[in-house]
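Contents: one structure, followed by commentary.
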Number of protein chains: 2
Amino acid sequence: MAKRESSIPVATLVERMINDIHTGAIIDEKNKLPTEPELMERYAVTRYTLRQALSRLSVLGYIYQAHGIGTFGRPRQDDNYVSVQNAVGLSTEMARQGKQLTTTDYSIDEVTAADAAFTPSAGKIDPATRLWEIKRYRMLDGKPYTFEHSYYLRDIVGDVPESALKGSLFAFVAENKTLTLGFQDKVMEAAPLAKENAWFFDLAAGAPMLIMNDDSYLSSGQLFAFSKLSYDYRMGKFFMFTRL
Amino acid sequence: MAKRESSIPVATLVERMINDIHTGAIIDEKNKLPTEPELMERYAVTRYTLRQALSRLSVLGYIYQAHGIGTFGRPRQDDNYVSVQNAVGLSTEMARQGKQLTTTDYSIDEVTAADAAFTPSAGKIDPATRLWEIKRYRMLDGKPYTFEHSYYLRDIVGDVPESALKGSLFAFVAENKTLTLGFQDKVMEAAPLAKENAWFFDLAAGAPMLIMNDDSYLSSGQLFAFSKLSYDYRMGKFFMFTRL
DNA sequence: CAGTGGTCTAGACCACAGA
DNA sequence: CTGTGGTCTAGACCACTGC
């Protein structure tokens with residue numbers, strides 16, 4: 001009859017396992033994790049659930065699995081770089097690393113897509129779409145770090161409180177219970193520092209900038225924001241993990 | 001007795017589905033795919049297998065699934081940018097886009113890790129490790145595109161044929177039947193163009209370069225190469241897709 | 001409410017690595 | 001040969017969306 005034995009859900013399992021990896025509870029001196037049968041018993045889940053969790057950990061770079069050998073933990077590089085995969089927002093990511101991200105200057109204006117300085121990297125957008133245009137200058141541990149130029153679809157995100165403008169726009173959207181985040185397209189490039197932003201960075205116009213363009217979508221597939229972040233090349237480095 | 005009915009494996013299914021998405025065979029005018037039961041029947045696979053495939057397509061950005069609504073196709077941006085997720089090597093990726101990647105100048109030398117110009121972004125390496133040091137200048141459709149500086153572990157990859165040096169080092173390793181590719185750590189950054197490489201690019205020293213550092217591992221977790229690719233900022237843009 | 005994708009169970013067989 | 005992870009089946013129930 002396949003009665004539900006009420007085991008823990010995958011998301012919980014993933015959290016627990018990340019924690020147990022960090023504390024070393026399930027990693028031996030050779031970075032090896034217990035075998036799947038052992039983990040199944042330890043967490044009281046079926047193999048399917050366990051492997052769902054292992055798969056997520058593996059995508060995030062916490063572990064890798066070697067066929068016929070075993071499962072191994074991996075050092076995460078989040079401490080030195082910004083992970084492009086952990087979509088938690090810059091503020092949260094930096095807070096986790098014990099670094100302080102502050103917004104020193106910001107502006108918000110109402111525009112239509114036709115008047116925006118740029119458009120989403122992928123996809124199209126109706127020129128009549130009403131947008132919030134937000135510009136933010138942000139410092140990391142007191143040093144100029146990034147200039148953010150972003151557009152949010154007004155009809156979707158509604159009013160943006162000042163606390164979000166100073167802090168985390170990402171958290172503002174994520175915590176809105178009527179919206180479910182879906183996915184992002186990201187385009188990374190380098191470009192010379194523009195004159196109008198040179199004052200903020202300790203750099204001459206024309207200096208290298210690392211640029212990240214994000215198009216953000218809800219889980220329904222609806223675009224809700226697109227943005228361009230320019231990082232001081234000396235401070236901004238992105239990290240990611242790929243399976244071949 | 002759960003007899004095997006010999007349906008197709010996931011990898012095959014993924015290929016077929018990508019194809020059927022490109023040709024429009026399983027996408028309607030609203031970009032919607034058939035429901036899971038319909039796809040199960042179409043491809044004659046169980047739900048598990050189907051969802052494994054859908055999951056991979058979704059990670060690669062071909063589709064997204066909206067709970068309670070349906071599955072939808074997405075435009076891929078591979079035609080305009082280099083995808084950091086499709087790990088097939090630059091040569092193959094460009095060939096697929098109908099662009100010509102040529103190596104105009106290259107060198108290969110024997111060094112030890114102690115003498116290497118840089119080390120893996122993550123992890124450590126024994127200074128005594130024997131390496132191939134490879135430098136390549138590569139053009140895209142006749143224009144200066146990227147300078148590649150990479151190190152391959154000699155004891156793992158063995159001798160590197162000249163054809164691989166001129167063409168695809170990635171394919172050379174991938175086609176070696178005794179080696180199984182595993183994963184990569186990637187660190188992206190921007191930096192000023194160094195004087196010694198300015199001659200190759202049509203740029204002055206100090207111009208922005210987009211830089212990709214790769215540490216490549218076998219499926220056993222063994223490092224086999226680490227490299228640094230510098231792209232002309234006007235031509236090199238990276239694309240990726242993330243689920244939030 | 002009906003229909004969609006999301007999670008979970010229990011069990012079988014396959015393929016690779018190493019002693 | 002044994003133990004590891006990889007694939008697959010068949011079926012159940014859960015959770016969200018829109019009518």
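By convention in this document, chain letters (A, B, ...) are assigned in the order of the sequence lines, proteins followed by strands, and residues within each chain are numbered from 1.
Each of A/Y48 and B/P34 was matched to the nucleotide of DNA chain C holding its nearest heavy atom; the match closer to the 5' end belongs to B/P34. Along DNA chain C, the nucleotide nearest B/T180 and the nucleotide nearest B/G68 are compared for position; the residue whose nucleotide lies closer to the 5' end is B/G68.
Listed nucleotides C/dG6, D/dT9, C/dG18 differ in distance to A/I69; the shortest reach to its side chain belongs to C/dG18. Closest to the A/P37 side chain, of the nucleotides D/dG5, C/dG18, C/dG5, is D/dG5. The B/T46 side chain lies nearest to D/dT9 when the options are D/dC8, D/dG6, D/dT9. You'll find that the side chain of B/T35 is closest to C/dT4, out of C/dC8, C/dT4, D/dG6. If you check D/dC8, D/dT7, C/dT7 against the side chain of B/R56, the one that comes closest is D/dT7. Among the nucleotides D/dA15, C/dG18, D/dC8, the one closest to any side-chain atom of B/H67 is D/dA15. Of all nucleotides listed (D/dG18, D/dA12, C/dG18), D/dA12 comes nearest to the side chain of B/R47.
Atom CG of B/L13 is separated from atom P of D/dT7 by 13 Å (rounded to the nearest Å). We find that CG of B/L33 is positioned 9 Å from P of C/dG5, with the value rounded to whole Å. When the P atom of C/dT4 is taken as reference, atom NZ of B/K30 falls 14 Å away, rounded to whole Å. Atom CG in A/L179 sits roughly 11 Å away from atom P in D/dT17 (whole-Å rounding). Protein atom CG of B/L50 is 15 Å distant from nucleotide atom P of C/dT7, rounded to whole Å. The CD-P distance, from A/E36 to C/dG11, rounds to 17 Å in whole Å. Taking atom OH on A/Y43 and atom C1' on C/dC8, their separation rounds to 19 Å, with Å as the unit. The interatomic distance linking B/K32 (NZ) with D/dT17 (C1') rounds to 12 Å, in whole Å.
Backbone-only engagement by B/T71 is indicated by non-hydrogen atom pairs under 4.0 Å involving sugar-phosphate atoms exclusively.
For A/R51 against D/dT7, a side-chain-to-base donor-acceptor contact under 3.5 Å is absent.
Remark: B/K228 qualifies as a cation-pi partner of B/F118 under the 6.0 Å distance and 45° angle criteria applied to the six-membered ring.
With hydrogens and angles ignored, the 3.5 Å screen pairs a side-chain donor or acceptor of A/N213 with a backbone N or O of A/V187.
Inspection of the A/T178 and A/N176 side chains reveals an N or O donor paired with an N or O acceptor under 3.5 Å. Between the side chains of A/Y43 and A/D20, at least one donor-acceptor pair of N or O atoms lies under 3.5 Å. Side-chain contact check for A/T71 and A/Q65: at least one donor-acceptor pair (N or O, by modelled atom type) lies under 3.5 Å.
Looking only at side-chain heavy atoms (C-beta outward), B/T242 and A/V84 stay at 4.5 Å or farther from each other.
Here A/Q65 reaches the OP1 or OP2 of D/dG6: one of its side-chain N or O atoms lies under 4.0 Å away. One finds no side-chain N or O of A/T49 lying less than 4.0 angstrom from the OP1 or OP2 phosphate oxygen of C/dT7.
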